[in-house]
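The next block holds one structure in the form of structure tokens; read it before the comments.
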There are 2 protein chains.
Amino acid sequence: MKLDVFDKKILTLLQKDSRISQRELSSEISLSASAINRRIAAMEREGIIKNNVTVVDAHKVGRPITIISEVSLINERLDLLEKLKKRFIQCPQVQHVYYVTGDFDFLLIFNVRNMEEYEGLTRELFFTSENIKNFRTIVSMQNAKQELTVVLD
Amino acid sequence: MKLDVFDKKILTLLQKDSRISQRELSSEISLSASAINRRIAAMEREGIIKNNVTVVDAHKVGRPITIISEVSLINERLDLLEKLKKRFIQCPQVQHVYYVTGDFDFLLIFNVRNMEEYEGLTRELFFTSENIKNFRTIVSMQNAKQELTVVLD
DNA sequence: AGTGAAAGGTATTGGGG
DNA sequence: CCCCAATACCTTTCACT
């Protein structure tokens, strides 16, 4: 599926605020509300639009700590890798899992209430695995930007 | 503002799918639609709910590359730091900006169409600044998880 | 705070160009 | 693939508990 200039405008606006009404989109883009509706439905069907989510302020709900972990494995065999990856993904405090190559193997980003919670998670996720060589913990002093927005040109 | 068990249930569901209707929330939580409505409005007013966004599949719109940069500064004077931070935040291809302390100063996560786009951005963001000591580029082979969801217990 | 019902807005679908 | 109009659905408000 090829996106035209209208689809890109729709996505750009929805990425900023998914609650914008299709009528408002319609007037901003100069396309009827029903055309907007059909395009959005098509993009959802194709998986271009993955979902719509509410963004919660982590500080205001008592989870102010963001931690980055760089994890190195002993053995990079695919099945072992997948097993660990699944475990990381399933952990609800883990917001991001990137599999990388180079000086380490996984970069994880955690959101936690406090350092104790993080320590508990490292025990669960890292120390119980035979395959983790080591990990480096980096505490974020400030989450200056945290978005999932994609550029559409 | 203190969140009770109903607010937390509402937020948990909205973080998964912000398009769930208040009526459906109402039946899942056993609270009337108008109570749901008032609670959501209050959490928006307080900034607990920051916004609602559509999540776009970066691969499907031709932006498959995620890159992590670890940036080290020469001088960590606050005004210089803020100037750089602002520049990073304003770059639309930069999804995340974390200010950290330790072996480096900023961790950035980019989403780009290809390596050429990233190289262009490093020239713009890093090489034009007098204050950047060095940076390390880590290419993500797989974005196994990428969410903003916060745990509410 | 919570509820139910009425009023006001939106999304969605179908007919026609 | 677009528009317009009708329907169906949802949110929001209000009077009352």
Side-chain angles (χ1 to χ4, degrees), chain A residues 1-63 147-153, chain B residues 1-63 147-153:
Chain A
M1 180 175 172
K2 184 96 187 81
L3 300 179
D4 66 12
V5 69
F6 292 112
D7 295 318
K8 288 175 183 172
K9 277 187 190 169
I10 292 169
L11 289 179
T12 300
L13 292 167
L14 286 177
Q15 284 188 116
K16 277 209 275 286
D17 175 17
S18 66
R19 300 254 267 214
I20 185 174
S21 73
Q22 297 181 358
R23 291 180 178 194
E24 202 173 331
L25 281 171
S26 151
S27 69
E28 295 234 10
I29 293 175
S30 334
L31 206 63
S32 74
S34 50
I36 302 275
N37 187 284
R38 262 181 293 103
R39 283 163 179 270
I40 291 174
M43 292 191 285
E44 281 174 345
R45 213 181 319 111
E46 299 289 331
I48 290 164
I49 290 177
K50 286 206 282 195
N51 57 356
N52 293 275
V53 300
T54 294
V55 183
V56 171
D57 188 318
H59 282 80
K60 295 208 171 151
V61 297
R63 312 199 120 250
E147 292 178 0
L148 301 175
T149 314
V150 164
V151 176
L152 296 155
D153 32 77
Chain B
M1 179 175 173
K2 184 96 187 79
L3 300 179
D4 67 12
V5 70
F6 291 113
D7 295 317
K8 287 176 183 172
K9 278 187 190 167
I10 293 169
L11 288 180
T12 300
L13 292 166
L14 287 177
Q15 282 188 117
K16 277 209 276 286
D17 175 17
S18 65
R19 300 253 268 214
I20 186 174
S21 73
Q22 297 180 359
R23 289 182 177 201
E24 203 173 330
L25 282 170
S26 150
S27 68
E28 296 235 11
I29 294 174
S30 335
L31 206 62
S32 71
S34 46
I36 302 273
N37 187 284
R38 260 185 291 105
R39 282 162 179 270
I40 291 175
M43 292 192 284
E44 281 174 345
R45 212 182 320 111
E46 299 288 331
I48 289 165
I49 291 177
K50 287 206 281 195
N51 57 355
N52 293 275
V53 300
T54 294
V55 182
V56 172
D57 187 319
H59 283 80
K60 296 209 171 152
V61 297
R63 313 199 118 248
E147 291 178 1
L148 301 176
T149 313
V150 164
V151 176
L152 295 155
D153 31 76

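The analysis underlying the following values was restricted to heavy atoms, covering all of them including side chains, and did not include hydrogens, waters or symmetry mates. Each chain gets a letter, A, B and so on, in the order its sequence line appears, and its residues count up from 1.
The distance between atom CZ of A:Arg23 and atom P of D:dA6, rounded to the nearest whole Å, is 13 Å. We find that CG of B:Leu25 is positioned 14 Å from P of C:dT3, with the value rounded to whole Å. Put simply, CD1 on B:Ile10 is 13 Å from C1' on C:dA1, counting in whole angstrom units. Between the P atom of D:dC1 and the NZ atom of A:Lys2 lies a distance of 14 Å, rounded to the nearest Å. Separating the CD1 atom of B:Ile20 from the P atom of D:dT11 is a distance of 10 Å, rounded to the nearest angstrom. Taking atom CZ of A:Arg19 as the reference point, atom P of D:dC10 lies 14 Å away to the nearest angstrom. When the P atom of C:dG2 is taken as reference, atom CZ of B:Phe6 falls 7 Å away, rounded to whole Å. As rounded to whole Å, 17 Å separates atom P of C:dA11 from atom CD of B:Glu24.
For the side chain to side chain contact (heavy atoms under 4.5 Å, CB included) criterion with B:Thr54, the lone passing option out of A:Leu148, A:Ile49, A:Asn51, A:Ile20 is A:Ile49. The side chain to side chain contact (heavy atoms under 4.5 Å, CB included) test with A:Ser26 is passed by exactly one of A:Leu31, A:Ile10, A:Ile36: A:Ile36.
B:Ser21 contributes atom OG, which lies 12.0 Å from atom CZ of B:Arg19 (distance to the nearest 0.5 angstrom). One distance of note links CG of A:Leu13 with CG of A:Leu25; it measures 6.0 Å at 0.5 Å rounding. The line from CG of A:Leu3 to CE of A:Met43 is 6.5 Å long, rounded to the nearest 0.5 Å. Separating the CD atom in A:Gln22 from the CZ atom in A:Arg38 is a distance of 11.0 Å, to the nearest 0.5 Å. In this structure, A:Lys9 NZ and A:Asp7 CG are separated by 11.5 Å, a value rounded to the nearest 0.5 Å.
Of the possible polar contacts, one joining the A:Thr12 side chain to the A:Lys8 backbone as a donor-acceptor pair under 3.5 Å is found. Judged by distance alone, with hydrogens and angles left aside, the side-chain atoms of A:Gln15 form no donor-acceptor pair with the main-chain N or O of B:Val56 at under 3.5 Å.
Remark: B:Leu31, B:Ser32, B:Ser34, B:Ala35, B:Arg38, B:Arg39 in residues 26-55 of chain B come within less than 4.0 Å of DNA chain C through at least one heavy atom.
The C1' atoms of five pairs define one axis at each end of the helix from C:dA1-D:dT17 to C:dG17-D:dC1, and these two axes lie 20° apart (to 10°).
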